[in-house]
Amino acid sequence: MHSPGKPEGWTDLITLDNDPNCGADIEWDLERLPLPFADEFFDEIHLYHTLEHTGRQGDFRFFFAQWSEFWRLLKPNGLFFGIVPSPNSPWVFGDPGHTRF
(Lines give C-alpha, C1' and ligand atoms only; values in the text may rest on other atoms or scores of the structure.)
Protein backbone atom coordinates (compact mmCIF):
# COMPACT_ATOMS: atom_id res chain seq x y z
CA MET A 1 0.00 0.00 0.00
CA HIS A 2 1.30 3.44 -0.92
CA SER A 3 1.77 5.83 2.00
CA PRO A 4 0.95 9.53 1.62
CA GLY A 5 4.12 11.60 1.34
CA LYS A 6 6.23 8.62 0.22
CA PRO A 7 7.45 7.95 -3.33
CA GLU A 8 5.30 5.50 -5.27
CA GLY A 9 6.64 1.95 -5.13
CA TRP A 10 8.56 2.33 -1.87
CA THR A 11 7.56 0.26 1.16
CA ASP A 12 9.05 0.41 4.64
CA LEU A 13 10.73 3.70 3.76
CA ILE A 14 12.08 5.76 6.66
CA THR A 15 13.12 9.34 5.91
CA LEU A 16 15.49 11.36 8.06
CA ASP A 17 16.32 15.08 7.83
CA ASN A 18 17.53 17.86 10.11
CA ASP A 19 14.91 20.32 8.78
CA PRO A 20 11.73 20.11 10.89
CA ASN A 21 9.73 21.58 7.98
CA CYS A 22 10.49 18.93 5.36
CA GLY A 23 8.13 16.25 6.69
CA ALA A 24 10.73 13.54 7.36
CA ASP A 25 9.82 10.64 9.62
CA ILE A 26 12.74 11.42 11.93
CA GLU A 27 14.35 14.81 12.58
CA TRP A 28 18.08 14.18 13.06
CA ASP A 29 21.44 15.78 12.27
CA LEU A 30 23.57 13.30 10.29
CA GLU A 31 26.67 14.61 12.05
CA ARG A 32 25.27 13.35 15.36
CA LEU A 33 26.53 9.80 15.76
CA PRO A 34 25.39 7.19 16.45
CA LEU A 35 22.30 7.43 14.27
CA PRO A 36 19.03 6.50 16.01
CA PHE A 37 18.66 2.96 14.68
CA ALA A 38 19.55 -0.53 15.90
CA ASP A 39 22.41 -2.57 14.46
CA GLU A 40 21.65 -4.24 11.12
CA PHE A 41 18.39 -2.30 10.80
CA PHE A 42 18.38 -1.54 7.06
CA ASP A 43 18.44 -3.61 3.89
CA GLU A 44 19.44 -0.47 1.98
CA ILE A 45 20.65 3.05 2.75
CA HIS A 46 20.10 5.79 0.16
CA LEU A 47 21.93 9.12 0.46
CA TYR A 48 21.61 11.36 -2.58
CA HIS A 49 23.47 14.70 -2.53
CA THR A 50 23.83 14.45 1.23
CA LEU A 51 27.36 13.41 2.18
CA GLU A 52 28.94 16.62 0.85
CA HIS A 53 26.89 18.50 3.47
CA THR A 54 28.30 16.53 6.43
CA GLY A 55 31.73 16.56 8.03
CA ARG A 56 34.61 18.78 7.02
CA GLN A 57 37.18 18.33 4.26
CA GLY A 58 40.17 16.54 5.76
CA ASP A 59 38.38 15.35 8.92
CA PHE A 60 39.30 11.69 8.58
CA ARG A 61 37.96 10.79 12.03
CA PHE A 62 34.41 11.84 11.16
CA PHE A 63 34.70 10.32 7.68
CA PHE A 64 35.57 6.87 9.06
CA ALA A 65 33.09 7.18 11.96
CA GLN A 66 30.29 8.01 9.51
CA TRP A 67 31.09 5.08 7.20
CA SER A 68 31.42 2.75 10.19
CA GLU A 69 27.98 3.88 11.25
CA PHE A 70 26.49 3.09 7.82
CA TRP A 71 28.15 -0.33 8.00
CA ARG A 72 26.65 -0.90 11.48
CA LEU A 73 23.15 -0.04 10.24
CA LEU A 74 23.19 -2.32 7.19
CA LYS A 75 22.05 -5.91 7.42
CA PRO A 76 24.49 -8.53 6.07
CA ASN A 77 24.65 -8.10 2.28
CA GLY A 78 22.89 -4.74 2.64
CA LEU A 79 23.35 -2.11 -0.04
CA PHE A 80 24.46 1.52 0.13
CA PHE A 81 23.39 3.90 -2.63
CA GLY A 82 24.75 7.43 -2.81
CA ILE A 83 25.41 10.30 -5.17
CA VAL A 84 27.78 13.22 -4.61
CA PRO A 85 28.95 15.95 -6.99
CA SER A 86 31.91 15.17 -9.22
CA PRO A 87 35.15 16.77 -7.98
CA ASN A 88 35.26 18.54 -11.38
CA SER A 89 31.77 20.00 -10.99
CA PRO A 90 31.48 23.76 -10.46
CA TRP A 91 28.96 22.86 -7.72
CA VAL A 92 31.55 21.09 -5.54
CA PHE A 93 32.25 24.38 -3.80
CA GLY A 94 29.65 26.49 -5.62
CA ASP A 95 27.04 25.44 -3.06
CA PRO A 96 27.81 27.18 0.24
CA GLY A 97 26.30 24.22 2.11
CA HIS A 98 29.00 21.85 0.85
CA THR A 99 31.62 21.16 3.51
CA ARG A 100 33.58 18.39 1.75
CA PHE A 101 33.74 16.61 -1.57
Side-chain angles (χ1 to χ4, degrees):
M1 181 175 167
H2 178 66
S3 300
K6 305 285 184 181
E8 188 70 39
W10 290 82
T11 58
D12 300 325
L13 176 68
I14 298 172
T15 58
L16 185 142
D17 201 291
N18 67 344
D19 181 352
N21 300 308
C22 78
D25 297 315
I26 298 172
E27 183 182 336
W28 194 268
D29 182 345
L30 285 177
E31 293 190 8
R32 186 174 154 206
L33 302 178
L35 296 171
F37 304 103
D39 294 355
E40 299 180 1
F41 191 80
F42 293 107
D43 294 307
E44 298 178 359
I45 294 174
H46 294 251
L47 289 169
Y48 302 118
H49 293 289
T50 303
L51 294 174
E52 66 272 18
H53 296 273
T54 63
R56 299 293 173 264
Q57 192 68 27
D59 182 352
F60 68 91
R61 287 180 181 86
F62 180 78
F63 176 87
F64 287 110
Q66 185 179 50
W67 283 99
S68 295
E69 185 66 358
F70 298 147
W71 181 261
R72 177 187 75 80
L73 296 176
L74 283 171
K75 293 178 182 176
N77 298 312
L79 300 172
F80 180 92
F81 298 90
I83 297 172
V84 295
S86 165
N88 299 322
S89 167
W91 289 107
V92 166
F93 291 111
D95 180 331
H98 291 180
T99 59
R100 66 178 179 177
F101 65 96

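Counting begins at 1 with the first residue of the sequence. Everything quoted here is computed from the prediction, not taken from an experiment.
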From Ser68 atom OG to Phe62 atom CZ, the distance as rounded to the nearest 0.5 Å: 11.0 Å

Work out which heavy atom in Phe42 is nearest to a heavy atom in Ile45; give both atom names and the distance. CB-CG1, 4.2 Å

Return the CZ to CD1 distance between Phe37 and Ile14, rounded to the nearest 0.5 Å. 5.5 Å

I'd like a table of donor-acceptor pairs (distance under 3.5 Å, sequence neighbours excluded) in which one partner is a side-chain atom from residues 73-93, with atom names and distances.
from, atom 1, to, atom 2, distance (Å)
Lys75, NZ, Asp43, OD1, 3.4
Ser86, OG, Asn88, N, 3.1
Ser89, OG, Trp91, N, 3.0

Considering residues at least two apart in sequence or located in another chain, which fulfil the side-chain hydrogen bond (donor to acceptor under 3.5 Å, both in side chains) criterion with Glu27? none

Here the pair of heavy atoms bringing Asp19 nearest to Asn21 is OD1-N, 2.8 Å

Check the surroundings of atom CH2 in Trp28: do more than 12 heavy atoms from other residues, nucleotides or ligands lie under 6.0 Å from it? yes

Rounded distance [0.5 Å steps], OG1 in Thr54 versus CG in Asp29: 9.0 Å

Indicate the atoms forming the closest heavy-atom contact of Gln66 with Leu30, along with that distance. NE2-O, 4.3 Å

Heavy-atom count around Asp12 CG within 6.0 Å, excluding the residue itself: above 12? no

Would Leu35 and Ile26 show up in the same hydrophobic cluster when neighbours are defined by side-chain heavy atoms closer than 4.5 Å? yes

Could you tell me the separation between the CD atom of Glu31 and the OG1 atom of Thr99, rounded to the nearest 0.5 Å? 6.0 Å

side-chain hydrogen bond (donor to acceptor under 3.5 Å, both in side chains) filter on Asp39, not counting sequence neighbours, yields Arg72

Centroid separation under 6.0 Å, is that true for the rings of Phe64 and Trp67? no

Here the pair of heavy atoms bringing Asp17 nearest to Cys22 is CB-SG, 3.3 Å

Side-chain heavy atoms nearer than 4.5 Å, only ILVMFWY residues, links allowed to pass through others: does that put Leu47 and Phe101 together? no

Full working for side-chain contact (heavy atoms from CB on, under 4.5 Å) between Asp95 and Glu52: CA-CA 10 Å; Asp95 180 331; Glu52 66 272 18; over 6 Å; no

Arg100/Arg56 under side-chain contact (heavy atoms from CB on, under 4.5 Å): CA gap, chis, key distance, verdict: CA-CA 5 Å; Arg100 66 178 179 177; Arg56 299 293 173 264; over 6 Å; no

